[in-house]
Amino acid sequence: MNLDPSHLKILPATPESIRLASDALRDGKLIGLPTETVYGLAARGDRPDSVAKIFAAKQRPATNPLILHVGDPDAVHPLVSMDSDITRRRFAAASSLWPGPLTLVLPRSESVLDCVTAGGNTVAVRVPAHPVALQLLREVSLPIAAPSANVSNYISPTRPEHVIDGLVDSVEWVLDGGNCDVGLESTVLSIADPKSPPTILREGVLSAAKLEAVFGEPVLSSATTNMELLKSQSNAPAASPGLHRKHYSPRTPLRLVAATENVAPSNDGGNNKSRILRIRLRGPAVSLPGYADVWSLSPAGDPFEIANRLYDALRRADSGEFESIEIDQINVQEWSEAGNPNLLAAISDRLRRASNQDDSAT
Ligand code: TXA
Ligand code: MG
């Protein structure tokens, strides 16, 4: 594992290095791209050979479509096909949140490659809010395919060295954009079907309330709607194909435990030899009987801070020092004061996937 932030492939983001990265992308190479959510593994999205490099590097199933990133909402138009007034109106409303941590799923245009959409008739598009990403996307002026820059099913990267760790041989450079502000992947919102309400396919930092205020109509989300009911409706959009049960998982076994549980399971009075790490989401990091160490993601209990620190903590926890990891479950009712049920749902969703050690999951 290489976690040295001074790695030669990590370039400070200067106008010169952004130009280098832009040239490398144009040449069909892979670049580690900082965004405000997580680092992306970027390649030009208009060439099958470049897109194929992403799938190979990540060992990603070809059935899982990619997000196309552009530097300006207007650059989305050639990629999508909006032949409904409702879709056009929704696109205009949603794109007011760009640049930002929002991915929109729309009907694709003919020009989008099948390997990007996994053969589907929709395409995911996003204008990220990171200044380095925006400069690069505007400089390269091509749709850039960029999944999270991790090997499939591992934890998404929130620092440049996370990209090196796992994809060092695949990337030409990683542009250093610092730590990602949000720390969780973007909210994926489908507005592909004018007959269905806008629907959150992957929860992120954006609240449904904010989206509803922008659209002026209800938005379906797992945090606020009965998704089972939604799935039973024939015109409901298919769930995000990438949301497999096992995802974002460290190699070290990880278990979710009640936040109130204060003693390690196999504790024999504090003398047991197994090294279990306890990660608390909030509250002080005071030592607990039977645990080798206790970390707290946000002593003040701020969900934004928890999201911001989660993936880096999971990667550090997975360094081999611990035999297993136990992390607090989120009981959304107990967090009502936090005000953004979608962010809590996003954290809770990623924790559940991280804890799923079932290798038979797809
Ligand atoms: O924050 C993010 O979205 C990051 C940064 C780099 O932009 N990217 C990212 O990409 O998380 P990825 O590939 O790791 O996750 C994209 C998700 C997957 O769950 C994928 O299945 C879904 O978006 N997706 C892509 N195209 C889709 C489509 N046409 N319809 C439904 N879901 C789609
Ligand atoms: Mg990903």
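Both ligands and their constituent atoms are indexed starting at 1 by order of listing. Heads up: numbering here begins at 1 and tracks the sequence. Quantities reported herein were computed from a predicted structural model and do not represent experimental measurements.
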Quiz item: Is a side-chain N or O of S111 found less than 3.5 angstrom from the main chain of P78, in a donor-acceptor match?
Solution: yes
For residues W335 and I279: do they belong to one hydrophobic cluster (side chain heavy atoms under 4.5 Å, members Ile, Leu, Val, Met, Phe, Trp, Tyr)? yes
For L277 and Y291 the tightest heavy-atom approach is C-CD2, 4.1 Å
Within 4.0 Å of some non-hydrogen atom of V38, the atoms of ligand 1 are 4 (C), 6 (C)
**Asked** Is the H130 to Y39 ring centre distance short of 6.0 Å?
**Response** no
Quick note on ligand 1: atoms under 4.0 Å from a heavy atom of S186 include exactly 1 (O), 2 (C), 3 (O)
Worksheet entry | side chain to side chain contact (heavy atoms under 4.5 Å, CB included) evaluation trace for I10 with I164 | CA-CA 8 Å; I10 298 177; I164 293 299; 3.7 Å; yes
Of P157, S190, S148, the one whose closest heavy atom lies nearest atom 9 (C) of ligand 1 is S148
In ligand 1, the atoms that come under 4.0 Å of a heavy atom of A124 are 25 (C), 26 (N), 27 (C), 29 (N)
Q: Look only at the side chain of T199 and the backbone of P197, and say whether a donor-acceptor pair between them is shorter than 3.5 Å.
A: yes
Under 4.0 Å between heavy atoms, the region of R108 that gets near ligand 1 turns out to be neither
- Return yes or no for this condition: an N or O of Y39 is under 3.5 Å from an N or O of ligand 1. no
Note: T122, heavy atoms under 4.0 Å from ligand 1, region reported as both
Practice prompt. May I ask you to check whether over 12 heavy atoms, not counting those of K210, lie within 6.0 Å of atom NZ?
Written response: no
Honestly, for K58 the part within reach of ligand 1 (heavy atoms, under 4.0 Å) is neither
Of A42, P65, P128, the one whose closest heavy atom lies nearest atom 33 (C) of ligand 1 is P65
Numbered in order shown, the ligand 1 atoms found under 4.0 Å of a heavy atom of G40 are 6 (C)
Closest heavy-atom approach to atom 20 (C) of ligand 1 among L201, L68, N64 is made by N64
Would you call E139-R19 a salt bridge at under 4.0 Å N-O?
-> yes
The answer for which part of A146 has a heavy atom under 4.0 Å from ligand 1 is backbone
When rounded to the nearest 0.5 Å, the distance separating CD of E326 from CG of L256 is 9.5 Å
Ligand 1 atoms nearer than 4.0 angstrom to some heavy atom of I67 are 3 (O), 8 (N), 9 (C), 10 (O), 16 (C)
Is it true that some N/O/S atom of S148, main chain or side chain, lies under 2.8 Å from the Mg ion (ligand 2)?
-> yes
Contact region, T117 to ligand 1, non-hydrogen atoms below 4.0 Å, reads neither
message: With a 4.5 Å cut-off on side-chain heavy atoms, are F55 and V51 touching?
response: yes
Ligand 1 to E185, heavy atom cutoff 4.0 Å, flagged ligand atoms 1 (O), 11 (O)
